[in-house]
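These numbers come from a predicted model, not from an experiment. These numbers come from the heavy atoms of this one structure, side chains and all, not from hydrogens, waters or symmetry mates.
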Amino acid sequence: VHGDNIYGKGGAKYIAGGLLVRECRNWIVGTENIGEGDISFKYGNQEYRMLNLLRNSSKNFNVPLACLVDYVGVRYIVYSLCPFTSRTLIHGSNTEAIHIEYEKSGEQISEEIADRLNLTKHKIFERVNGEPKTLNLPFDVEIHRLQN
C-alpha cells in the first residue's frame with residue numbers, strides 16, 4: 001500500500017480481505033524512525049489502546065475496529081478498511097501541515113475527543129502560507145466524513 005499520510009507513517013502496510021494490516025516496526029515518530037523491537041511494539045499497543053478508549057465514547061463519531069496480531073515475532077495492528085480520501089478529510093492534515101483542513105463539524109468532534117483525552121488547544125501554522133490555526137488535537141490526527 002502506498003500513501004503513508006493516509007494510513008500512518010512508516011511500517012509496511014497490506015490490504016487483504018477488507019482489512020488494513022500495518023507492521024509495528026519502522027514507524028516514523030516526529031522525524032525519527034523508531035526501528036524494530038519493544039519500542040515499536042509499544043507504539044502499536046498505544047495506538048490500539050487509544051482506538052479502544054475512543055470507540056463507543058460518543059455518538060458523534062466512529063472509530064474503525066482494530067486488533068493486534070503477533071505472528072512469528074512480528075506485531076501487526078489490523079484495522080477495518082475505511083473509505084478515506086483527501087476529499088473526506090474535514091479536520092487535520094494529511095500533508096504534514098502544508099494545508100490543514102478546519103471544518104466546523106470536524107472542530108466540534110475534535111473538541112469532544114480532546115476533552116476525553118484531556119488535551120488543550122494549541123496554535124500551529126500552515127507551512128504553505130503561515131496562516132495560524134488553533135487546534136484541539138495534533139495536526140496529523142485526521143477526522144474524516146463518512147460517505148453515504
**Q** If you group Ile, Leu, Val, Met, Phe, Trp and Tyr by side-chain heavy-atom gaps below 4.5 Å, do F84 and L89 land in one group?
**A**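 No: no chain of side-chain contacts under 4.5 Å links F84 to L89.
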**Q** Apply the test side-chain contact (heavy atoms from CB on, under 4.5 Å) to residues R145 and E103: give CA-CA distance (whole Å), side-chain angles for both, the deciding distance (0.1 Å), then the verdict.
**A** CA-CA 10 Å; R145 177 182 300 114; E103 288 186 20; 2.4 Å; yes
**Q** Taking all non-hydrogen atoms of both residues into account, name the closest pair between S80 and L19 and its distance.
**A**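 Between these two residues, the closest heavy atoms are CA-CD2, 4.1 Å.
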**Q** Measuring from F61:CZ to I143:CD1, what's the distance to the nearest 0.5 Å?
**A** 8.5 Å
**Q** Compute whether any side-chain donor of one residue and acceptor of the other, for E112 and N60, lie under 3.5 angstrom apart.
**A** yes
**Q** When rounded to the nearest 0.5 angstrom, what distance separates NE2 in H144 from CZ in R87?
**A** 13.5 Å
**Q** Any non-hydrogen side-chain atom of E142 less than 4.5 Å from a side-chain atom of E101?
**A** no
**Q** For the pair R116 and L53, evaluate side-chain contact (heavy atoms from CB on, under 4.5 Å) and give the outcome as yes or no after the intermediate values.
**A** CA-CA 9 Å; R116 178 82 169 112; L53 176 69; 3.3 Å; yes
**Q** Nearest 0.5 Å please: distance from the CG atom of D115 over to the CG atom of N118.
**A** 8.5 Å
**Q** How long is the span from the CD1 atom in I109 to the NZ atom in K104, to the nearest 0.5 Å?
**A**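 Rounded to the nearest 0.5 Å, the CD1-NZ separation comes out at 12.5 Å.
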**Q** Looking only at non-hydrogen atoms, find the nearest pair between L51 and A66 and report the distance.
**A**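 Closest approach of L51 to A66: CD1-CB, 3.8 Å.
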**Q** Sort and list the pairs that fulfil salt bridge (Lys or Arg N to Asp or Glu O under 4.0 Å) and have at least one residue in residues 61-72, not counting sequence neighbours.
**A**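 Every salt bridge (Lys or Arg N to Asp or Glu O under 4.0 Å) pair that includes a residue of residues 61-72, provided the two are not neighbours, is D70-R75.
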**Q** Can you name the closest pair of heavy atoms from P132 and F125 and give their distance?
**A** CB-CE2, 3.5 Å
**Q** Please assess R22 against Y79 for the test side-chain contact (heavy atoms from CB on, under 4.5 Å), listing each intermediate value before the final yes or no.
**A** CA-CA 8 Å; R22 183 175 176 204; Y79 311 88; 4.0 Å; yes
**Q** Quick one: closest heavy-atom pair of T134 and E107, and the distance?
**A**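 Reported closest heavy-atom pair: O-OE1, 4.4 Å.
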**Q** Who clusters with I124? Use side-chain heavy atoms, under 4.5 angstrom, across I, L, V, M, F, W and Y, and order the result by chain and number.
**A** I100, Y102, L135, F139
**Q** Does either side chain, that of E126 or that of H99, offer a donor lying less than 3.5 Å from an acceptor on the other one?
**A**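 Yes, H99 and E126 have a side-chain donor paired with an acceptor closer than 3.5 Å.
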**Q** List the steps and the verdict of side-chain contact (heavy atoms from CB on, under 4.5 Å) for K123 and K133.
**A** CA-CA 6 Å; K123 190 174 283 191; K133 303 271 180 144; over 6 Å; no
**Q** Does one side chain, of R49 or N52, offer a donor that lies under 3.5 Å from an acceptor on the other?
**A** no
**Q** Quick check on N56: does its CG atom have over 12 non-hydrogen neighbours (other residues, nucleotides or ligands) under 6.0 Å away?
**A**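 No, not enclosed.
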**Q** Evaluate the side-chain proximity of L68 to N45: yes if any heavy-atom separation is below 4.5 Å, no if none is.
**A**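 When only atoms from C-beta onward are counted, L68 and N45 do touch, with a gap below 4.5 Å.
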**Q** Drop me the distance from N136's CG to T120's OG1, to the nearest 0.5 angstrom.
**A** 9.0 Å
**Q** Decide whether V141 and L20 are clustered together by the hydrophobic rule: side chain heavy atoms of Ile, Leu, Val, Met, Phe, Trp, Tyr closer than 4.5 Å, transitively.
**A**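 Yes, V141 connects to L20 through the hydrophobic network.
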**Q** Calculate, to the nearest 0.5 Å, the distance between atoms CG and CG belonging to L81 and L65 respectively.
**A**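 Going from CG on L81 over to CG on L65, the span is 12.5 Å.
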**Q** With a 4.0 Å cut-off, would you call K13 and E23 a salt bridge?
**A** no
**Q** Looking only at non-hydrogen atoms, find the nearest pair between S105 and I90 and report the distance.
**A**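 Closest approach of S105 to I90, heavy atoms only: OG-CD1, 3.6 Å.
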**Q** Tell me the closest heavy-atom pair linking L137 and S110, and the distance in Å.
**A** CD1-CB, 3.7 Å
